Number of protein chains: 2
Amino acid sequence: MARTQGSHSDITRPKVAEAALRLFARHGYAAVSMRAIAAEVGVQVGTLYHYTPDKQALLYDLLSGHMAALMAAHDGLDQTGDAAARLERFVRFHIGYHLDRPEAVFIAYMELRNLTLANFTRIEALRRSYEDRLEAVLTAGAASGAFHVPDSRIATMAVIAMLTGVTTWYRPGGRLTGADVADLYWDMVCRAVTA
Amino acid sequence: MARTQGSHSDITRPKVAEAALRLFARHGYAAVSMRAIAAEVGVQVGTLYHYTPDKQALLYDLLSGHMAALMAAHDGLDQTGDAAARLERFVRFHIGYHLDRPEAVFIAYMELRNLTLANFTRIEALRRSYEDRLEAVLTAGAASGAFHVPDSRIATMAVIAMLTGVTTWYRPGGRLTGADVADLYWDMVCRAVTA
DNA sequence: GTCTATAAGCCGATAGAC
DNA sequence: GTCTATCGGCTTATAGAC
């Protein structure tokens, strides 16, 4: 049997996560009180504890959900073709995915230090495994002679930092579309690693 | 007349700034209490207000001091030679300066949202003027035909994000020295923008 | 499922003694 | 220059009514 459709729980639960995401991104985890989240949802503070054991779980669930969704989306990427084709797809995917979720990306980078050690370790493992997917493409290109990559780990970190950086300045409706930005970044990444 | 040497004020004042820098970098501005800063310095909380009007001023002074020192250090850079030579000096300077001050760099990027609007505006102006110095080099190289830079603003943001990213993973005593890292990054930046 | 009330404690900042 | 004591208010989380 399916659950009763449209129960208060089904409506309120996602609102809690959305409110926490929005407020954590805007003001930072430590600066946001459970009362502020409750007010954003439109309930009293006690109600929040029906949906989360504590404030830390709210943050961890947001970060872990974001990383899981990122990996799942990347799983759908076409992995055929040569290393350059795979790298171009990665660059366009990474920029597009990040530009579409500025708040989740922001807290995924900014709030790591507010995780408990156990939660931090889990999130770091997910992040590392995403980075490894890019490194694998760079290593394959270097092995085939298509790429010039003296140090694949440093090249990976450099490319990721460069691509993720778009979220710090990009604003929809500005001078460039997301596709324009992806074109410009792919041009730079391609030139930086091509043999 | 010079002030009395080694007064308590001369000793305590820098300790307050250092303690605030260390704790803000480690736990975040919002998560650090004035009591925690006082304990780190080794005084009681009331004493802190002899050195700062409030907690916000502690943060603003750290960020504004960091940006001013960065600009002053960059002012000392050799600006002779062609665009490629100037760009290489910028890359090596930026990486070296940032690797030497990981805590100041960290809070300069992470704590912007905890500034009051007035203070944020001032810091953003300083940051923009630093970015403009890199953009001027890229524009000069494009004008002389040495560089391929379709959009100088985006190239500026991409290079800065890539270079500053070293602070998220670099650890002294690791596999690579700061000079090794600078060599690898200069190789990538040079290839990304050279015509 | 949501509410109110409350526990126990920390917050930034100030006043005034020494 | 540093201390202690204190103000009013905010914090996370829980208990129990409805």
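We use all heavy atoms of the structure for the numbers below, so side chains are in, but hydrogens, waters and symmetry mates are not. Every chain is numbered from 1 and lettered A, B, ... according to where its sequence line falls, protein lines coming before strand lines. Quick caveat: nothing in here was measured; it's all calculated off a predicted structure.
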Nearest-angstrom distance from the residue atom OH of A:Y49 to C1' of C:dA5: 15 Å
Touch class at under 4.0 angstrom, heavy-atom based, for A:V32 against every strand present: sugar-phosphate
Polar contact flag, side-chain donor to acceptor under 3.5 angstrom, B:H66-B:R101: no
Length of the CG-P vector between A:D54 and D:dT14, whole Å: 8 Å
No-hydrogen, no-angle side-chain donor-acceptor test under 3.5 Å, A:T194 and A:H148: no
Whole-Å distance separating the CZ atom of B:R35 from the C1' atom of D:dT6: 10 Å
d(CD1, B:I37; C1', C:dA13) in whole Å: 13 Å
Would you list the atom pairs, donor with acceptor, under 3.5 Å between side chains in residues 103-111 of chain A and any protein atom, with sequence neighbours excluded?
residue	atom	partner	partner atom	Å
A:E111	OE1	A:N114	ND2	2.7
A:E111	OE2	A:Y29	N	3.0
A:E111	OE2	B:R113	NH2	2.9

From CA spacing to verdict: side-chain hydrogen bond (donor to acceptor under 3.5 Å, both in side chains), A:T156, A:E131: CA-CA 7 Å; A:T156 298; A:E131 292 165 358; over 6 Å; no
Please tabulate the protein-to-nucleotide N/O contacts below 3.5 Å involving nucleotides 2-5 of chain D, giving atom names and distances.
residue	atom	partner	partner atom	Å
D:dT2	OP1	B:T12	OG1	2.9
D:dT2	OP2	B:Y51	OH	2.5
D:dC3	OP2	B:Q44	N	2.6
D:dC3	OP2	B:T47	OG1	3.0

Intermediate values then yes/no, side-chain contact (heavy atoms from CB on, under 4.5 Å), B:L59 and B:N119: CA-CA 10 Å; B:L59 177 62; B:N119 286 341; over 6 Å; no
Closest-nucleotide ordering on DNA chain D, the 5'-leading residue of A:S33 and A:P53: A:S33
Ring geometry between B:Y97 and B:F93 (parallel below 30°, tilted from 30 to 60°, perpendicular above 60°): tilted
SB check B:E18 B:K15 (cutoff 4.0 Å): no
Close residues, residues 16-31 of chain A, relative to DNA chain C [heavy-atom separation under 4.0 Å]: none
Whole-Å distance separating the CG atom of B:L48 from the C1' atom of D:dG1: 13 Å
Any donor-acceptor N or O pair under 3.5 Å, side chains B:D132, B:S129: no
Value in whole Å for how far the P atom of D:dT11 lies from CG of A:N114: 16 Å
A:H98 side-chain N/O to A:H94 backbone N/O, donor-acceptor pair under 3.5 Å: yes
